[in-house]
Novice: 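My questions will all concern the structure given below.
Naming: A, B, ... by sequence-line order, numbering from 1 per chain.
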Protein chains: 2
Amino acid sequence: MNDFDPSTVAALKALANPNRLKIIDWLAHPRENFPPQVDGDLVEDGVCLANIVDKLGLAQPTVTNHMHTLAEAGLVTSKPVKNWVFYKLDPAAMEKVLKSLSAHAGIDD
Amino acid sequence: MNDFDPSTVAALKALANPNRLKIIDWLAHPRENFPPQVDGDLVEDGVCLANIVDKLGLAQPTVTNHMHTLAEAGLVTSKPVKNWVFYKLDPAAMEKVLKSLSAHAGIDD
DNA sequence: TAACTATATAGAAGTTTTGCTATATGAATG
DNA sequence: CATTCATATAGCAAAACTTCTATATAGTTA
């Protein structure tokens, strides 16, 4: 019904990976999933890459890579503070993907 | 918030491909996208593989493969009639994926 | 039952994904 | 200003994905 939006596929690709989906889940509930941070608030500023690396248990460059995938798909935003990078989920982007997917599946909102 | 459901990842993987997403879209609106069928109703019985092959413009085994991917992810059902196979979208499965994804993203329904 | 038709399977090539290690960059601190 | 700490980049290997051609299977029809 809808015209085809390539960014929807990019977002779905980004989400279609167990590690990245875990990250999305964690970023949706930062206080429940990460320890308090010294240099940036978990909710206000986002979650520091190092915290995600620790929690996920993969090598740091691998996690950097996953975060870039999520960021390029527009699902998370990143903010450099000092020499950290804080990542936040973009709920509007997630809603957009959900709406697009609903439309493709012919499900009325 | 939710516990991790591997079938959600399988479904997202199945959806994270432009050709399969097109197929999902077409199956959601069969009358708008396919010619009437002689041996099975587009809506009641589903869409014949050959019709999807024609519309997608890929080789038949490639499309068979895509349909198996979608079926294994539970997103479509298949029904053999004579020597055709009819495919139908499973809207309940799609809703389940959408709900699961919403939960992961922390979006309240 | 022979031929045809629709789908499935096998196997292979090219591409993409996912992870790693090693190293570079760049900001912060002693 | 040298070191340390957090992140980025480069390059590589293994695995998975996407597509193809060739062929098999199984139901249909003449």
Side-chain angles (χ1 to χ4, degrees), chain A residues 4 6 9-24 27 34-40 42 45-73 75-88, chain B residues 4 6 9-24 27 34-40 42 45-73 75-88:
Chain A
F4 201 84
V9 178
L12 288 172
K13 268 192 190 171
L15 293 167
N17 172 282
N19 290 315
R20 285 192 298 263
L21 197 53
K22 276 191 215 166
I23 294 170
I24 289 290
L27 291 185
F34 297 99
Q37 291 169 165
V38 186
D39 271 291
L42 281 173
D45 304 294
V47 179
C48 170
L49 178 73
N51 276 336
I52 305 174
V53 171
D54 283 351
K55 181 134 182 158
L56 199 54
L58 296 181
Q60 172 261 312
T62 302
V63 180
T64 291
N65 200 42
H66 282 315
M67 296 317 296
H68 286 169
T69 300
L70 290 171
E72 267 152 44
L75 300 174
V76 304
T77 55
S78 70
K79 175 167 78 165
V81 171
K82 296 193 174 180
N83 57 343
W84 291 279
V85 177
F86 294 97
Y87 286 98
K88 257 208 289 199
Chain B
F4 201 86
V9 178
L12 288 172
K13 268 192 192 172
L15 293 167
N17 172 282
N19 289 316
R20 286 192 298 263
L21 196 54
K22 274 190 217 168
I23 293 169
I24 290 289
L27 291 186
F34 297 99
Q37 290 168 164
V38 185
D39 271 291
L42 281 173
D45 304 293
V47 179
C48 169
L49 178 73
N51 275 336
I52 305 174
V53 171
D54 283 352
K55 181 134 180 157
L56 199 54
L58 297 181
Q60 172 262 312
T62 302
V63 179
T64 291
N65 198 44
H66 282 315
M67 297 318 296
H68 286 170
T69 300
L70 290 171
E72 268 153 44
L75 300 175
V76 304
T77 55
S78 69
K79 176 167 77 166
V81 172
K82 296 194 174 181
N83 57 343
W84 291 279
V85 178
F86 293 96
Y87 286 98
K88 257 208 289 199

Novice: Taking the side chain as everything from C-beta on, heavy atoms only, tell me whether Lys22(A) gets closer than 4.5 Å to Asn19(A).
Specialist: yes

Novice: Rounded to whole angstroms, how far apart are CD on Glu72(B) and C1' on dT9(C)?
Specialist: 14 Å

Novice: So do the side chains of Thr69(A) and Lys13(A) get within less than 4.5 Å of each other, counting heavy atoms only?
Specialist: no

Novice: Which nucleotide, dC20(C), dT19(D), dT17(C), lies nearest any side-chain atom of Asn65(B)?
Specialist: dT19(D)

Novice: Side chain of Cys48(A) only, heavy atoms from C-beta on: which candidate in dA6(D), dT7(C), dA8(D) is closest?
Specialist: dA6(D)

Novice: When you match Val63(A) and Tyr87(B) each to their closest nucleotide on DNA chain C, which lands nearer the 5' end?
Specialist: Tyr87(B)

Novice: Atom CH2 of Trp84(A) and atom P of dA8(D): how far apart are they, to the nearest Å?
Specialist: 14 Å

Novice: For dA8(C), does either OP1 or OP2 sit under 4.0 Å from a side-chain N or O belonging to Thr64(B)?
Specialist: yes

Novice: Whole-Å distance between dA27(C) C1' and Phe86(A) CZ?
Specialist: 13 Å

Novice: Is there side-chain contact between Arg20(A) and Val76(A), with heavy atoms separated by less than 4.5 Å?
Specialist: no

Novice: Map Gln60(B) and Arg20(B) onto DNA chain D by nearest heavy atom, then report which one ends up closer to the 5' terminus.
Specialist: Arg20(B)

Novice: Quick check for you: to the nearest 0.5 Å, what is the distance between Asn17(A) atom CG and Leu12(B) atom CG?
Specialist: 10.5 Å

Novice: May I ask you to say what Ala50(A) touches in the nucleic acid, namely base, sugar-phosphate or nothing, with a heavy-atom cut-off under 4.0 Å?
Specialist: sugar-phosphate

Novice: Output the single nucleotide from dA8(C), dT18(D), dT7(D) whose closest atom is nearest the side chain of His66(B).
Specialist: dT18(D)

Novice: Expressed in angstrom and rounded to an integer, what is the separation of His68(A) atom NE2 from dG19(C) atom P?
Specialist: 16 Å

Novice: Using whole Å, report how far NZ of Lys13(A) lies from P of dA16(D).
Specialist: 17 Å

Novice: Nearest to the side chain of Lys82(B) - dT9(C), dT29(D), dT18(D)?
Specialist: dT29(D)

Novice: Hey, does Asn19(A) reach any base, or is it just sugar-phosphate, or nothing, if we go heavy atoms under 4.0 Å?
Specialist: sugar-phosphate

Novice: Using a heavy-atom cut-off of under 4.0 Å over every strand shown, decide if Pro61(A) touches base, sugar-phosphate, or nothing.
Specialist: base

Novice: Rounded to whole Å, how long is the line connecting atom CD of Gln37(A) with atom C1' of dC5(D)?
Specialist: 15 Å

Novice: With heavy-atom distances below 4.5 Å as the criterion, would you say the side chains of Val47(A) and Ile23(A) are in contact?
Specialist: no

Novice: What nucleotide, of dA8(D), dA8(C), dG19(C), holds the atom closest to the side chain of Asn17(A)?
Specialist: dG19(C)

Novice: Closest approach to the side chain of Asn83(A), judged atom by atom: which nucleotide of dT9(C), dA27(C), dT9(D) is it?
Specialist: dA27(C)

Novice: Would you tell me if any nitrogen or oxygen in the side chain of Thr62(A) comes within less than 4.0 Å of OP1 or OP2 on dC20(C)?
Specialist: yes

Novice: Taking the side chain as everything from C-beta on, heavy atoms only, tell me whether Thr64(A) gets closer than 4.5 Å to Met67(A).
Specialist: no

Novice: Tell me the interatomic distance from Asn51(B), atom CG, to dT5(C), atom C1', rounded to whole angstroms.
Specialist: 14 Å

Novice: Between dC5(D), dC20(C), dA8(C), which nucleotide has the shortest distance from any of its atoms to the side chain of Leu58(A)?
Specialist: dC20(C)

Novice: Quick check for you: among dT9(D), dT17(C), dT21(D), whose closest atom lies nearest to any side-chain atom of Ala59(B)?
Specialist: dT21(D)

Novice: Measure the distance from CG on Leu56(A) to C1' on dT18(C) and round it to the nearest whole Å.
Specialist: 12 Å

